[in-house]
There are 2 protein chains.
Amino acid sequence: MSENVGRWLRDEIENSILSNEFRPGEKLDEMVLATRFGVSRTPVREALMQLDAIGLIEIRPRRGAVVIDPGPHRVYEMFEVMAELEGLAGSLAARRLDKASRDAIAATHSRCEQSASAGDSDAYYYDNEEFHKAIYAASRSAFLEEQCAQLHRRLRPYRRLQLRVRNRLSTSFSEHSAIVDAIFAGDGDEARRLLRGHVGIQGERFSDLVASMAAR
Amino acid sequence: MSENVGRWLRDEIENSILSNEFRPGEKLDEMVLATRFGVSRTPVREALMQLDAIGLIEIRPRRGAVVIDPGPHRVYEMFEVMAELEGLAGSLAARRLDKASRDAIAATHSRCEQSASAGDSDAYYYDNEEFHKAIYAASRSAFLEEQCAQLHRRLRPYRRLQLRVRNRLSTSFSEHSAIVDAIFAGDGDEARRLLRGHVGIQGERFSDLVASMAAR
DNA sequence: AAATTAATTCTTGTATACACGATTGTTGAA
DNA sequence: TTCAACAATCGTGTATACAAGAATTAATTT
């Protein structure tokens, strides 16, 4: 566990929310959480404050904390922004690419290839994250990298749903290949364009998302 | 003051940081803040937790909170992301524009015209904010609007410095005019391109920023 | 005099106590 | 039976108390 209980609780509760253990709309009772984790209310409250600031929960004065339910439309908006930020990261990566970043992207890309060809969607899910993180890092913009990583985390549950869709694995991987080519060729505009398309949710993929969200 | 002390303190301290009363690197002593605002340490700590989560301060375990010093390079990175998000907002606004948003943009734009022609840089500073907020709102993406507004707030002190630069007022206003034309014409790509240029810091404007930041 | 170590003070982290608004349940009247 | 008013209960908001680590100062040694 982390150096202080508050921070540890923040991560713990955040994971519980992102892994859908605490459902959207669910009330988070301070006392229940405190006894569950074997601590007092004080660090629990501090954790909740932080989660409120991040936007994962909402604390209504005197009425407790509830997990925020983004709803399909807002999730769509979040993907829209994510696509834009990843596009920027890709274009910067293409322009500023150095050897270390290039190697990191190539390595994660080939790991994606293996898990995709093996049809292992759980492994691909993980490797895919590493691939995208490698691109964020290659942008050489620490702020952008943080923003991307944070939004990426928040969208994690929905991305997981998406990978379940038929053929999504091989489609995703071939898109990755094109992105890698563009970045390695130093073509920032093309990398941006491809990443926008790769990350964003267009057309029927949006109805897939809505359907899978409604199914829970 | 807000309904609960913690939230009020968060806003209060946040403003003090953004208005440069609490300087980057400065230590924020819980007891000092508590006595200053006439409250106990508890709500102070909750406020600090939130500011840490937002990224305005850093709480080092057992060693207290300090105001984060972004430094010129990171501020540049933040403007880079801001430019991208505003570009997206502008392109969405152009595509989705309705009467209400159109009127709001036109109104704030004409207010900018007045303060610019009057050479009133303080008034322009305020009207400029409203103009940009009108574009965020016109994007009809609540999430994007929030992200833009938050980053806009954080960059406020640095934008204020920029407006002091010679001729910046009239230059800024004429850029606004072109942006409004593009949005009203429904030309999303052009609106995006213009906003990126308007918000981003290119060439000598970066050295101006560095110089003005170093001057403090 | 400089440096290292020990002791003291100060600040943060967590628990607990208390106050007050919100919620819920009960009683009584229409 | 339904609704309203009141009472009791429960949960959150804030203050205070206590424990423990970090910073600082004093003391001792080289």
Side-chain angles (χ1 to χ4, degrees), chain A residues 1-18 20-70 150, chain B residues 1-18 20-70 150:
Chain A
M1 100 165 93
S2 179
E3 53 248 315
N4 70 29
V5 182
R7 214 159 281 204
W8 167 61
L9 280 177
R10 168 171 63 71
D11 296 341
E12 209 65 30
I13 299 173
E14 178 176 4
N15 286 333
S16 296
I17 293 174
L18 291 181
N20 212 42
E21 183 190 344
F22 294 147
R23 306 290 184 78
E26 186 173 342
K27 182 158 186 247
L28 298 178
D29 187 290
E30 295 178 359
M31 204 53 211
V32 171
L33 290 170
T35 54
R36 164 172 175 166
F37 291 104
V39 297
S40 82
R41 277 177 53 219
T42 307
V44 171
R45 281 183 62 81
E46 296 188 340
L48 293 179
M49 287 293 166
Q50 297 185 67
L51 294 175
D52 177 88
I54 294 174
L56 270 177
I57 68 174
E58 184 190 356
I59 299 181
R60 298 161 304 176
R62 291 255 171 220
R63 306 183 65 228
V66 293
V67 179
I68 282 190
D69 181 5
Q150 190 176 332
Chain B
M1 101 165 92
S2 178
E3 53 247 314
N4 69 32
V5 182
R7 216 160 280 203
W8 168 60
L9 281 177
R10 168 170 63 71
D11 296 341
E12 211 63 30
I13 299 173
E14 179 176 2
N15 286 333
S16 296
I17 292 174
L18 291 180
N20 212 42
E21 183 189 345
F22 294 149
R23 305 290 184 78
E26 185 173 343
K27 181 156 188 255
L28 298 178
D29 187 289
E30 296 176 1
M31 205 53 211
V32 171
L33 290 170
T35 53
R36 165 171 174 165
F37 290 104
V39 298
S40 80
R41 278 177 52 220
T42 308
V44 172
R45 282 183 61 82
E46 296 189 339
L48 292 180
M49 287 292 167
Q50 297 184 68
L51 295 175
D52 176 89
I54 293 174
L56 269 177
I57 69 175
E58 183 190 357
I59 299 181
R60 298 160 304 174
R62 291 255 170 221
R63 305 185 63 227
V66 295
V67 179
I68 282 190
D69 181 6
Q150 189 176 331

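Keep in mind the model is a prediction, meaning the values are calculated, not measured.
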Undergrad: What I'd like to find out is whether the side chain of A:R23 reaches to under 4.5 Å of the side chain of A:V67, using heavy atoms alone.
TA: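 Contact flag for A:R23/A:V67 side chains = no.
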Undergrad: What I'd like to find out is whether the side chain of A:E46 reaches to under 4.5 Å of the side chain of A:N4, using heavy atoms alone.
TA: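 They are not in contact (no side-chain heavy atoms under 4.5 Å apart), so the answer is no.
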Undergrad: Whole Å only: how far is the CE atom of B:M31 from the P atom of C:dT9?
TA: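 For the pair B:M31 CE and C:dT9 P, the rounded distance is 18 Å.
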Undergrad: Using atom CG of A:L33 as one end and atom C1' of D:dT12 as the other, report the distance to the nearest whole Å.
TA: 13 Å
Undergrad: How would you list all residue pairs meeting salt bridge (Lys or Arg N to Asp or Glu O under 4.0 Å) that involve residues 52-69 of chain A, not counting sequence neighbours?
TA: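 Residue pairs with at least one partner in residues 52-69 of chain A: there are none.
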Undergrad: Quick one: list whatever passes side-chain contact (heavy atoms from CB on, under 4.5 Å) with B:P70, sequence neighbours left out.
TA: B:R74, B:V75, B:Y158
Undergrad: If you compare every side-chain N and O of A:K27 against the phosphate oxygens of C:dA22 (OP1, OP2), does one of them come in below 4.0 Å?
TA: no
Undergrad: Mind running a 4.0 Å heavy-atom check of residues 55-68 of chain A against DNA chain D and sending the residues that fall below it, in number order?
TA: A:P61, A:R62, A:G64
Undergrad: Taking CG from A:D29 and P from C:dA22, how many angstroms apart are they, rounded to a whole number?
TA: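 Taking atom P of C:dA22 as the reference, CG of A:D29 is at 17 Å.
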Undergrad: Which pair of non-hydrogen atoms, one from A:G64 and one from A:K27, has the smallest distance, and what is that distance?
TA: CA-CE, 4.2 Å
Undergrad: Hey, does B:R45 have a side-chain heavy atom less than 4.5 Å from the side chain of A:T42?
TA: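 No, side chains not in contact.
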Undergrad: Search all heavy atoms of B:I54 against all heavy atoms of B:Q150 and return the closest pair with its distance.
TA: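 Here B:I54 and B:Q150 meet closest at CG2-NE2, 3.9 Å.
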Undergrad: A:I13 versus A:F22: any side-chain heavy-atom pair under 4.5 Å?
TA: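 Result yes, sub-4.5 Å side-chain heavy-atom pair found.
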Undergrad: Dump the pairs, protein N or O against N or O of nucleotides 14-18 of chain D, anything under 3.5 Å, distances to one decimal.
TA:
| from | atom 1 | to | atom 2 | distance (Å) |
| --- | --- | --- | --- | --- |
| D:dT14 | OP1 | B:V5 | N | 2.5 |
| D:dA15 | OP2 | B:S40 | N | 2.7 |
| D:dA15 | OP2 | B:S40 | OG | 2.7 |
| D:dA15 | O5' | B:S40 | OG | 3.4 |
| D:dA15 | N7 | B:T42 | OG1 | 2.7 |
| D:dT16 | O4 | B:T42 | OG1 | 3.3 |

Undergrad: Looking only at non-hydrogen atoms, find the nearest pair between B:P43 and B:V5 and report the distance.
TA: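 So the two residues come closest at CB-CG1, 4.0 Å.
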Undergrad: In degrees, rounded to 10°, what is the bend between the two ends of the helix from C:dA1-D:dT30 to C:dA30-D:dT1, using five pairs at each?
TA: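 Nearest ten degrees gives 10° for this helix.
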Undergrad: Using salt bridge (charged side-chain N to carboxylate O under 4.0 Å, His left out) as the criterion, list what pairs up with B:E12, not counting sequence neighbours.
TA: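 Salt bridge (charged side-chain N to carboxylate O under 4.0 Å, His left out) check on B:E12 returns nothing, list empty.
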